[in-house]
There are 2 protein chains.
Amino acid sequence: MLDAVRIAKALSDPVRYQILLMLARSQKECCPVPGARDQRPGLCNCEIMAELGLIQSRVSYHMKELAEAGLVTEEPRGKWKMYYINQKTLTGFTQLLKSDFNLK
Amino acid sequence: MLDAVRIAKALSDPVRYQILLMLARSQKECCPVPGARDQRPGLCNCEIMAELGLIQSRVSYHMKELAEAGLVTEEPRGKWKMYYINQKTLTGFTQLLKSDFNLK
DNA sequence: TGCATGTATCAAAAATATTTGATACAATGA
DNA sequence: TCATTGTATCAAATATTTTTGATACATGCA
């Protein structure tokens with residue numbers, strides 16, 4: 001499948017889009033994970049569950065979809081897992097659209 | 001639903017993405033529709049069917065999806081229908097992604 | 001080690017999306 | 001008008017995706 005289609009599919013679910021928005025906006029210190037956001041904004045599952053009111057396996061499923069599309073990077077921190085947005089993939093996607101469709 | 005999600009969903013099907021690519025690249029004179037591409041590149045159903053090997057109702061379905069997402073504009077020309085890509089929508093989409101996710 | 005907690009995976013159910021063939025509708029031209 | 005041609009729509013069949021609850025796996029700590 002075309003790379004662009006793959007990423008569009010990942011972006012095409014409201015839950016996943018919201019999660020990405022959360023990741024892009026996350027700034028404050030993560031509740032339980034120590035030092036998790038020292039470097040860059042990110043979130044752990046628990047924050048996403050709480051914020052969006054989703055059960056754990058549902059979040060897990062969508063994070064996997066996002067990770068497989070290259071939109072987020074996962075990092076284990078002890079028994080937690082941190083997720084970071086992958087702006088490079090999104091930028092590549094917009095550039096691909098530009099060149100595919102002759103956008104200015 | 002978020003506007004960006006709506007457009008991502010329209011882009012997330014391989015058939016639709018191919019159709020959009022065809023629309024963006026269409027240059028030469030359209031086979032049956034007189035004067036259809038005087039102004040801008042566009043295609044009629046029959047060309048899409050032929051090029052991608054799809055039956056008519058399938059093309060019709062996907063064109064409707066694309067039109068409803070604002071990605072193509074439809075113009076009846078007699079008994080034919082011409083489709084034109086809507087670059088403005090695509091550009092808006094990339095800009096939305098940029099601002100939503102702080103891309104450079 | 002054993003318990004508590006967080007995440008991943010699985011299978012089944014539910015929800016959506018896509019494909020198809022049949023048919024309806026609209027425009028053209030004889 | 002009627003026959004022809006191109007497109008839209010419909011309902012049914014498929015296929016795909018998403019959601020859920022149960023369970024497995026891994027980590028940290030007493």
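We name chains A, B, ... by the order of the sequence lines, and we start the count at 1 in each one.
Distance Met63(A) CE to dG6(C) C1': 14 Å, rounded to the nearest Å. One interatomic measurement links the two molecules: CD of Glu75(B) to P of dA27(C), which rounds to 15 Å at whole-angstrom precision. Protein atom CZ of Arg77(B) is 17 Å distant from nucleotide atom C1' of dA26(C), rounded to whole Å. Rounded to whole angstrom, the span from the NZ atom of Lys81(A) across to the P atom of dG28(D) amounts to 14 Å. The NZ-P distance, from Lys79(A) to dA4(C), rounds to 11 Å in whole Å. As a whole-Å value, the separation of Trp80(A) CH2 from dA26(D) C1' is 13 Å.
By the side chain to side chain donor-acceptor pair (under 3.5 Å) test, Asn45(A) is found to be paired with no residue, residues two or more places apart in sequence or in another chain being considered. Legend: residues meeting side chain to side chain donor-acceptor pair (under 3.5 Å) with Asn86(A), ordered by chain and number and at least two apart, are Thr73(A).
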- Summarise protein proximity over nucleotides 13-24 of chain D in one line of letters, 5' to 3': B for base, S for sugar-phosphate only, - for none, counting protein heavy atoms closer than 4.0 Å. ----SBBBB---
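Of the side-chain N and O atoms in Lys64(A), one or more sit less than 4.0 angstrom from OP1 or OP2 of dT9(C).
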Dump the pairs, protein N or O against N or O of nucleotides 12-14 of chain C, anything under 3.5 Å, distances to one decimal.
none

Distance-only donor-acceptor hits, side chain of residues 56-67 of chain B, under 3.5 Å, sequence neighbours excluded:
{"from": "His62(B)", "atom 1": "ND1", "to": "Arg16(B)", "atom 2": "NH1", "distance (Å)": "3.1"}

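Taking the C1' atoms of five terminal pairs at each end of the helix from dT1(C)-dA30(D) to dA30(C)-dT1(D), the two resulting helix axes are inclined by 20°, rounded to 10°.
In this structure the side chain of Asp13(A) never reaches within 4.5 angstrom of the side chain of Val5(B), judged on heavy atoms.
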